Asks: 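For reference, the structure I am asking about is given below.
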Amino acid sequence: MKLSKFILFIVCFLSLILSGAASQDLHEIQSIVAKADEMLTYLDTDFTALYRIETQTPGGGISITRATVSRRDRTNQFLVLILEPVSDKGKGYLKIGDNLWLYDPVGKTFMFSNATERFQNTSIRNSDFDRSNYSVNYKPIKAEKVILGKYNCTLVELQAIKSNVTFPKVKLWIDETFLIRKVEDYSLSGQLLRTTAVPSYQKIGNRWVPASIIILDHLKSKNVQGKVEYEKTTITITQPSLEKLPDYVYSKEYLEKINK
Amino acid sequence: MKRYIFLLISLVMAIFITAQDETLDDIFNESSDIVITDNQNNQTNQNVQNVVQRNVGITITGSITTIGGITAGYTYLPWDERFVPQLDFNVGLTASSVLSLEAHPDTYFSYYASFGAKMDPLSSENVQWTNFSLSSIYCEYIWLDSVFWKVGKFAFTWGQGRIFNPGNLVSDSSSNYTVMASLPTLFSGGQIFIELSDSQFSSPMLPLYTTTIYGAKFDFIIWNTYLGLAGRWKPSENLQMLFSAKRTVFGFDIHADSTIKLSSETDPVITMLIGFYKQWGDFHVYGEYECTDFSNPQHDTGLAFGYNNIFGVPVDPVFKWLHRWSDGSGTITAGIKWDAWNHVKIESGISLVYGNDTSSYVMNNSNPSGQRLMAALLVTLSGGF
């Protein structure tokens, strides 16, 4: 009897130590994710850049969209203005808080949209224009050290703790400078939905901004000559600016004003 | 045995296919980051701010559109006893042109003017263009980064309806002279305006302030629901108010507008509009229900859907059904729009107008010769600079 109590005590003790260690690990992982968010968040200013979005359908054609993107992280606002193609010129996406407005310059109408919907029917979700907020919307499950090309990365598996996120599970590859190099988005059942790679960043002062992003949409695939091809979206971000913009830029009135 | 061989082959194929999946990992072997210098950064800041804030100097744009078409149809529907099985043909040709000037001397001030001219040889019996007339002219001034002043002749709309829009209480704005102050950062946006019209100067018996239109509109977002409150008041007439709401429910954009027209002589006239909009990729659908005047109600519904670039080609099929439940009349229109070549669009469709002779949609039938069953083919040539 005494022996069994002793064994039980040992088991409980070890469990406590192990769970403590695990929770400490999770705290460390959480801080890595928070640091990665911080690297791509600009709370003291606005972020503006020109986006060139090239979408290549599997075994098919290429479409190109050009847009300006302005983002104000401290108030959770962004404005996306379509410059090309000509048929969509003047369309605008305005996010204020949790509300996303779509502006149609032809009908001069605004439409409420769910932020999880696709941007211009590409692999980009409207929520991708938001600030990086993995440390708030997700909790870490586990992490491991991996090598991604020439980068030593921490691969972190995250699970959503908020219901309004676009993907319930994600994997992040965070390099040694805390830049997110690769993201895999999963469904609740664990199906891989999308892979995003950020092969190149650009440094402005002491801030980092993605220079190019490549997205493979695993929901849009085709078997081409024995090889599975996915819809591939390449985003090239040029002329990044971290200058402040006036408050009125993030308003419906401004969208109407610039679409005469 | 055959089953096992089949399973084995399937497994091997699955492994082979998986092994051939496209991945992105290879790009990280060669990738590198970029450092932007201060000089590049300064230049970039100016460039991108110019794009976002449209500091583009002076821009002159123009466009011309020519539409030619042919219709064939019947005045009465085949099940009408007056139906004559003989096609009635009509042809049409119109052309229009717009020239516009836009100037942004700086971030805070802008000027815009547009002029339009038309030609309609088949109805006016000559091929002369009308003179260019002023369509809109106004200037805008951003005051203290808080108020957008807009002064001049320009059109603006209220209401959320795509098919019916009883909420547009400012439908006469395009012909009036307006002074408007927009407040983009107040609540979720607001505007205050006064409008002057030609008619108030032609009847000087009434004091000017009684024939001027005063209006205001404010937007709010509460619990992820858009709410709008607007009012238009002309002292010599009455007060009209608009209440709007919009929310996304299960991915559907749901909107509602209600208007009230107050009068000292009659009961208030109330209208109600409820509608939805949803887009799945290239397919989009919207529908609306309108009830005009609660004391003598007319019930109208509309349903429309379309598909962009069906089968991956630049052809858009569309369908629209409008129906007035009060008198049983309506229209059904189905067609396709084909962006055939650069600058050339071809549209083809059929239109059916039903109801008795005195019903709303039959009385307001705008088809050539009042045809109730009609097929049309339109070719549009347009270009701009």
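Just so you know, these numbers come straight off a predicted model, no measurement behind them. Sequence lines set the chain letters: A, B, ... in the order given, protein chains first and strands last, and positions in each chain run from 1.
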Asks: Which atom names give the shortest non-hydrogen contact between Ser182(B) and Glu253(A), and what distance separates them?
Replies: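 Shortest heavy-atom separation between Ser182(B) and Glu253(A) comes out as CB-CG, 3.9 Å.
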Asks: Could you state the interatomic distance from NZ (Lys246(B)) to CG (Asn99(A)), rounded to the nearest 0.5 Å?
Replies: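 Rounded to the nearest 0.5 Å, the NZ-CG separation comes out at 11.5 Å.
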Asks: Hey, could you give me the CG/CZ distance between Asp104(A) and Arg162(B), rounded to the nearest 0.5 Å?
Replies: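 The CG atom of Asp104(A) sits 7.0 Å away from the CZ atom of Arg162(B).
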Asks: Atom CG of Leu94(A) and atom OG of Ser188(B): how far apart are they, to the nearest 0.5 Å?
Replies: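 If we round to the nearest 0.5 Å, Leu94(A):CG and Ser188(B):OG are 9.5 Å apart.
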Asks: Below 4.5 Å from any heavy atom of chain B, which atoms of Trp208(A) appear? Answer side chain, backbone, both or neither.
Replies: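 For Trp208(A), the side chain is the part near chain B, not the backbone.
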Asks: Are Pro184(B) and Tyr254(A) packed together at the side-chain level, in the sense that at least one heavy-atom pair is separated by less than 4.5 angstrom?
Replies: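 A side-chain contact under 4.5 Å is absent here.
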Asks: Considering non-hydrogen atoms only, spot the tightest contact between Ala197(A) and Leu24(B) and give its length.
Replies: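 Distance-wise, the nearest heavy atoms are CB-CD1, 3.7 Å.
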Asks: Return yes when atom CZ of Phe250(B) has more than 12 non-hydrogen atoms of other residues, nucleotides or ligands closer than 6.0 Å, and no otherwise.
Replies: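 Counting other residues, nucleotides and ligands, CZ of Phe250(B) stays at 12 neighbours or fewer.
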Asks: With only heavy atoms counted, which part of Ser100(B) is less than 4.5 Å from chain A, the side chain, the backbone, both or neither?
Replies: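 Neither; nothing under 4.5 Å.
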Asks: Taking the side chain as every heavy atom from C-beta outward, state whether Lys182(A) and Phe28(B) have any pair of such atoms under 4.5 Å apart.
Replies: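 They are in contact (side-chain heavy atoms under 4.5 Å apart), so the answer is yes.
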Asks: Look up atom CD1 in Ile147(A) and atom CG in Asp25(B), then write down how far apart they are to the nearest 0.5 Å.
Replies: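 Between Ile147(A) CD1 and Asp25(B) CG, I get 12.0 Å after rounding to 0.5 Å.
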Asks: Can you tell me which portion of Ile96(A) sits under 4.5 Å from chain B's heavy atoms? Options are side chain, backbone, both or neither.
Replies: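 Neither part.
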Asks: At a heavy-atom distance under 4.5 Å, which candidate from Leu183(B), Ile142(B), Asp339(B) has the highest pair count against chain A?
Replies: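 It is Ile142(B).
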Asks: Regarding Asp33(B) and Lys150(A), does a basic nitrogen lie under 4.0 Å from an acidic carboxylate oxygen?
Replies: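 Judged by the 4.0 Å cut-off on N to carboxylate O distance, Asp33(B) and Lys150(A) do not form a salt bridge.
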Asks: Heavy-atom cut-off 4.5 Å, strictly under: side chain, backbone, both or neither for Val209(A) against chain B?
Replies: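 Neither part; nothing is under 4.5 Å.
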Asks: With side-chain contact (heavy atoms from CB on, under 4.5 Å) as the criterion, how do Trp101(A) and Tyr226(B) come out once you've worked through the C-alpha distance, each side chain's angles and the decisive distance to 0.1 Å?
Replies: CA-CA 10 Å; Trp101(A) 296 94; Tyr226(B) 159 77; 3.5 Å; yes
Asks: Within the side chain of Lys257(A), is there an N or O that forms a donor-acceptor pair under 3.5 Å with the backbone of Glu140(B)?
Replies: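 No.
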Asks: To the nearest 0.5 angstrom, please state how far the OG atom of Ser212(A) sits from the CD1 atom of Ile27(B).
Replies: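 Spacing of OG (Ser212(A)) from CD1 (Ile27(B)) equals 7.0 Å.
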Asks: How about Ile310(B): does its CD1 atom have over 12 heavy atoms from other parts shown lying under 6.0 Å from it?
Replies: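 Counting neighbours around CD1 of Ile310(B), more than 12 heavy atoms of other residues, nucleotides or ligands fall under 6.0 Å, so yes.
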